[in-house]
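Residue numbering restarts at 1 for every chain, and letters A, B, ... go by the order of the sequence lines. What's counted below: heavy atoms across the whole structure, side chains too, no hydrogens, waters or symmetry copies. Not measured: the values here are computed from a predicted model.
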2 protein chains.
Amino acid sequence: MKRIADSTVRRLSLYLRFLEEFENAGLTTVSSDELAARGGTTSAQVRKDLSFFGSFGKRGLGYQVAELTQRMRRILGLERDWRVVIVGVGKIGAALAQYEGFRQRGFRIVGLYDSDPAKIGREMYNLTVRSIASLAADNRERPVDIAVIAVPATAAQRAVDQVVGAGIMGIMSFAPIQLHVPADVTLNTVNMAMELERLSFALSNKE
Amino acid sequence: MKRIADSTVRRLSLYLRFLEEFENAGLTTVSSDELAARGGTTSAQVRKDLSFFGSFGKRGLGYQVAELTQRMRRILGLERDWRVVIVGVGKIGAALAQYEGFRQRGFRIVGLYDSDPAKIGREMYNLTVRSIASLAADNRERPVDIAVIAVPATAAQRAVDQVVGAGIMGIMSFAPIQLHVPADVTLNTVNMAMELERLSFALSNKE
DNA sequence: CCTATCTTGTGAATCAATTCACAAGCCCCG
DNA sequence: CGGGGCTTGTGAATTGATTCACAAGATAGG
């Protein structure tokens, strides 16, 4: 398959949310124009985005909401559950651990890890916080799909190395630094510091 | 000034972090090549990014770390403090309220707001949680630069409307939905659901 | 069954971002 | 003070993403 642009995947994710809203509202059919209006883009963009994956509509009519929803779920890999562990149970990690958005989309939190002995063994949200040293063995016993990195910047690369060493192939990081992983590991970073600076830049440059 | 691409601003933010690291390491001079290596890009990209704002280096020599750091801070609007309020003091809002990254970069949290009567009046991190209804008056008395939206998806658009109505011009949202603001208000969204789905897509489509 | 009206799917054209490649400038050394 | 070795800054070329524009289907109504 041809490489799909990041911007396209982001929009697919938006479309899926809109489709779910349309489905809840009882609509059975939707046009690329309606999807575009909802997402602040153009109908051509919507059709082009979808066209990378196939041809899902009927000319003159639009798309079946239920069908397109399911197709999008399949495309985005949301038809299965993902086993997720959280590394670092400070404030951010704890907030993530109980974030409903994870579970809703099939991201099941199956483990909490920390390196702080004071936290290891503690019960949180029906899980026992375990030492990060046991991650490799745990992963062998019952494989994990995604590790969420929620440790301080200074500890993040070490944590990532341990996650990679344990054999986990997907990482979502909230550490505000540039992390390095082997090419076969997928890393996705949400860098809050960067987002704040982007906002600061935009506010500073309003004419 | 010519419009600056979002991707460029994101990289500037990275460069700044690297420059600070170089400065801490005692380096006085740095080349576009070294910055590029650190950030996983190319030296031409680094020079092009900087060229939108001026010409900061010396041919044959590179850039003065201290000078470039300061220039980047100015460009990103980080030479001043920003007054920030957090709207919604649930788990995410509370985690953000005590996140050190904010203060470190000059984003000072000066207010916490919620609509839940059970939370209003409560003391958190040296601030008293106030009713979101009082935001407009508070902003008139002492202007706020940025509002961080940390309420559930269903309440987010209403919260944004109140923030906009209060006259605040910068918004950073963590709600997993598409929000609408007037053109003169700057909105920056971190959509965790979208990031997870991006990861899911990438993991599902490894060769 | 024919016509009018929609809306998709997609090459072609445009617009935007990145990379190339090299002249220009600076430092150092002999 | 002149030549060699670097590295910047930037037009030109390339690569990538978005928008345009229209033929191809599909439906509905008479």
Side-chain angles (χ1 to χ4, degrees), chain A residues 1-15 18-19 22 27-72 75 194 198 201-202 205, chain B residues 1-15 18-19 22 27-72 75 194 198 201-202 205:
Chain A
M1 191 204 284
K2 191 170 159 298
R3 199 188 110 55
I4 303 296
D6 205 69
S7 46
T8 297
V9 181
R10 293 192 129 92
R11 282 191 300 267
L12 292 182
S13 180
L14 275 185
Y15 301 156
F18 301 151
L19 285 165
F22 288 138
L27 295 176
T28 62
T29 218
V30 72
S31 69
S32 57
D33 222 22
E34 291 167 303
L35 272 175
R38 193 73 186 65
T41 177
T42 67
S43 64
Q45 179 79 79
V46 171
R47 293 199 302 277
K48 182 67 87 180
D49 286 340
L50 296 179
S51 77
F52 294 129
F53 302 95
S55 150
F56 309 126
K58 277 211 171 58
R59 295 172 188 227
L61 197 59
Y63 303 89
Q64 290 303 110
V65 172
E67 190 206 332
L68 191 55
T69 304
Q70 198 189 325
R71 297 278 201 155
M72 300 294 290
I75 289 166
M194 183 184 289
R198 230 151 59 73
F201 176 80
N205 292 285
Chain B
M1 191 203 282
K2 193 170 158 301
R3 201 187 109 58
I4 302 297
D6 206 67
S7 47
T8 298
V9 181
R10 293 192 130 91
R11 283 191 300 269
L12 291 181
S13 180
L14 274 185
Y15 302 156
F18 301 153
L19 285 165
F22 287 138
L27 296 177
T28 61
T29 218
V30 72
S31 69
S32 58
D33 223 21
E34 290 167 301
L35 272 174
R38 194 72 187 64
T41 178
T42 67
S43 64
Q45 180 79 80
V46 171
R47 295 199 299 277
K48 183 67 87 180
D49 286 341
L50 297 180
S51 77
F52 293 128
F53 302 96
S55 152
F56 309 126
K58 277 211 174 56
R59 292 171 190 228
L61 195 60
Y63 302 88
Q64 291 302 112
V65 173
E67 189 204 334
L68 190 56
T69 304
Q70 198 189 325
R71 298 276 202 159
M72 299 294 289
I75 289 166
M194 182 184 291
R198 232 151 57 73
F201 176 81
N205 292 284

Please state whether the phosphate of D:dT8, meaning OP1 or OP2, lies under 4.0 angstrom from any side-chain nitrogen or oxygen of B:Ser32.
yes

Rounded to whole Å, how long is the line connecting atom CG of B:Asp33 with atom P of D:dG5?
18 Å

Atom pair distance, as rounded to whole Å: CG in B:Asp49 and P in D:dT8:
13 Å

Starting at atom CG of B:Asp6, determine the distance to atom C1' of D:dG16, rounded to an integer number of angstrom.
17 Å

Find the distance A:Arg10:CZ to D:dT18:P and express it as a whole number of Å.
12 Å

For A:Phe201 and B:Ile75, which heavy atoms make the closest approach, and how far apart are they?
CD1-O, 3.2 Å

Can you figure out which of D:dT10, C:dT10, D:dT27 approaches the side chain of B:Ser51 most closely?
D:dT10

Nearest to the side chain of A:Arg11, heavy atoms from C-beta on, is which of C:dT18, D:dT18, C:dC27?
D:dT18

Using modelled atom types only, decide if a donor and an acceptor are shared between the side chain of B:Thr29 and the backbone of B:Tyr63 within a distance under 3.5 Å.
yes

So, OP1 or OP2 of C:dA16: does either fall under 4.0 Å of a side-chain N or O from B:Arg3?
no

Could you measure the distance from the CZ atom of A:Arg71 to the CZ atom of A:Phe56? Nearest 0.5 Å is fine.
5.0 Å

Whole angstrom value for the distance that separates C1' of D:dA28 from NZ of A:Lys58
16 Å

Using OP1 and OP2 only, check whether a side-chain N or O of A:Ser55 sits under 4.0 Å from C:dT8.
no

Among B:Thr69, B:Leu68, B:Leu27, which one satisfies side-chain contact (heavy atoms from CB on, under 4.5 Å) with B:Phe22?
B:Leu27

Would you indicate, yes or no, if D:dT19 has its OP1 or OP2 atom less than 4.0 angstrom from a side-chain nitrogen or oxygen of A:Thr42?
yes

N or O in side chain of B:Gln45 less than 4.0 angstrom from C:dA17 OP1/OP2:
no

Determine whether a donor-acceptor pair (one donor, one acceptor, N or O, separation below 3.5 Å) exists between the side chain of B:Arg59 and the base of D:dT8.
yes

NA contact type, A:Ser7, heavy-atom cut-off 4.0 Å: base, sugar-phosphate, or nothing?
sugar-phosphate

More than 12 heavy atoms of other residues, nucleotides or ligands under 6.0 Å from CD of B:Glu34: yes or no?
yes

Measure the distance from OH on B:Tyr63 to P on C:dC26 and round it to the nearest whole Å.
14 Å

note: B:Leu50, atom CG; D:dG9, atom P; distance rounded to Å ~ 7 Å

Phosphate contact (D:dG9 OP1 or OP2) by B:Arg47 side-chain N/O below 4.0 Å
no

